[in-house]
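These notes are about the structure you will find just below.
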Amino acid sequence: MSWRARLSELGIELPETAAPLASYVPAVRTGDLVYTSGQLPMTGGKLARSGKVGAEVSPEEGHALARICALNALAAVDALVGIDAVTRVVKVVGFVASVPTFNGQPGVVNGASELLGEVFGEAGAHARSAVGVSALPLDAPVEVELIVEIG
């Protein structure tokens with residue numbers, strides 16, 4: 001089964017590739033790897049939610065926003081090489097804008113990781129970092145970047 005067919009089976013539609021906010025491209029290929037730029041939880045060209053996790057944004061909302069970020073990263077991969085070229089997800093880096101006392105960043109970034117597991121199965125198992133930060137662009141609560149192998 002192709003990944004595009006798997007997305008369809010799951011009822012998931014990849015969004016349009018999010019327009020860059022500054023001087024960069026959404027994804028770059030080097031050899032057999034595609035690196036995405038950090039993707040925010042943009043839907044329909046707008047930030048889905050703003051604020052800090054642990055204050056204005058609940059961990060559960062952050063989890064859902066990380067899923068949106070991962071979908072946007074997959075859209076960037078798809079636009080560059082086609083989603084069916086992916087052979088495995090190598091690494092996920094998730095940044096969580098959170099209050100200083102919040103330490104549940106891994107649970108928030110699970111929103112991205114779980115989506116990748118649903119779509120790619122074993123090929124979606126990846127290395128990962130989940131980092132708490134004081135602020136993200138546009139006051140976004142979450143940002144996710146991917147490294148995927150293509151074949």
Side-chain angles (χ1 to χ4, degrees), residues 3-4 6-30 33-83 86 88-120 123-150:
W3 302 131
R4 189 167 306 285
R6 177 68 179 147
L7 285 166
S8 181
E9 180 183 283
L10 292 168
I12 297 171
E13 189 172 320
L14 290 179
E16 293 288 322
T17 305
L21 300 175
S23 183
Y24 61 89
V25 294
V28 173
R29 177 183 178 174
T30 182
L33 298 175
V34 172
Y35 291 73
T36 70
S37 294
Q39 299 293 315
L40 301 178
M42 304 293 282
T43 56
K46 296 183 180 188
L47 191 64
R49 186 84 162 80
S50 62
K52 304 275 187 287
V53 178
E56 305 87 359
V57 179
S58 72
E60 295 77 20
E61 289 173 308
H63 182 275
L65 294 167
R67 182 180 178 93
I68 295 170
C69 294
L71 282 171
N72 288 335
L74 290 178
V77 170
D78 187 50
L80 184 65
V81 298
I83 196 73
V86 174
R88 78 165 294 121
V89 179
V90 177
K91 175 112 189 225
V92 173
V93 180
F95 302 96
V96 181
S98 48
V99 297
T101 56
F102 182 76
N103 61 7
Q105 290 83 4
V108 170
V109 179
N110 276 349
S113 295
E114 291 164 4
L115 170 79
L116 297 168
E118 289 172 34
V119 173
F120 297 107
H126 53 270
R128 189 180 89 176
S129 299
V131 182
V133 298
S134 62
L136 289 168
L138 304 179
D139 195 29
V142 185
E143 182 173 347
V144 172
E145 57 185 54
L146 301 180
I147 302 170
V148 299
E149 182 180 45
I150 57 172

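Counting begins at 1 with the first residue of the sequence.
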| request: Given side chain to side chain contact (heavy atoms under 4.5 Å, CB included), test Asp78 with Arg4 step by step and report yes or no. | output: CA-CA 10 Å; Asp78 187 50; Arg4 189 167 306 285; 2.5 Å; yes
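- Residue Ala18 comes nearest to Pro26 through the heavy atom pair O-CG, 4.1 Å, listed as atom of the first residue, atom of the second, then distance.
- The OG1 atom of Thr17 sits 10.5 Å away from the CG atom of Leu74 when rounded to the nearest 0.5 Å.
- Going from atom CZ of Phe120 over to atom CG of Leu7 covers 7.0 Å, rounded to the nearest 0.5 Å.
- Between atom CD1 of residue Ile150 and atom CD1 of residue Ile83 there is a gap of 11.0 Å, rounded to the nearest 0.5 Å.
- Applying the side chain to side chain contact (heavy atoms under 4.5 Å, CB included) criterion to Ala125, with sequence neighbours excluded, gives Arg88.
- Residues Gly54 and Phe102 approach most closely at CA-CD1, 4.3 Å, considering heavy atoms.
- Sorted by first and then second residue, the side-chain hydrogen bond (donor to acceptor under 3.5 Å, both in side chains) pairs with a member in residues 109-120 read His63-Glu114, Arg67-Glu118, Asn110-Arg128, Ser113-His126, Ser113-Arg128; sequence neighbours excluded.
- Looking at heavy atoms from C-beta onward, Pro15 lies in side-chain contact with Leu71 at the 4.5 angstrom threshold.
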Show every donor-acceptor pair shorter than 3.5 Å between a side-chain atom in residues 35-48 and any protein atom, with sequence neighbours excluded, or say none if there are none.
from	atom 1	to	atom 2	distance (Å)
Thr36	OG1	Leu146	N	2.8
Ser37	OG	Val25	O	2.5
Gln39	NE2	Ser37	O	3.3

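- Under the rule for a side chain to side chain donor-acceptor pair (under 3.5 Å), Glu56 has no partner lying at least two apart in sequence or in another chain.
- The list of salt bridge (Lys or Arg N to Asp or Glu O under 4.0 Å) pairs with a residue in residues 11-29, not counting sequence neighbours, is empty.
- Closest heavy-atom contact between Leu14 and Ala75: CD2-N, 4.2 Å.
- Nearest approach of Val57 to Pro141, heavy atoms of both residues: CG2-CG, 3.9 Å.
- Within the structure, salt bridge (Lys or Arg N to Asp or Glu O under 4.0 Å) pairs that include any residue of residues 101-111 do not occur (at least two apart or interchain).
- Taking all atoms of both residues into account, the shortest heavy-atom contact from Ala70 to Leu115 is CB-CD2, 3.7 Å.
- Note that OG of Ser50 and CG of Leu136 are 11.5 Å apart. Values are rounded to the nearest 0.5 Å.
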| said: side chain to side chain contact (heavy atoms under 4.5 Å, CB included) for Glu143 and Val93? Distances and angles first, verdict last. | reply: CA-CA 8 Å; Glu143 182 173 347; Val93 180; over 6 Å; no
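- Across every non-hydrogen atom of Ala66 and Val144, the tightest pair is O-CG2, 4.1 Å.
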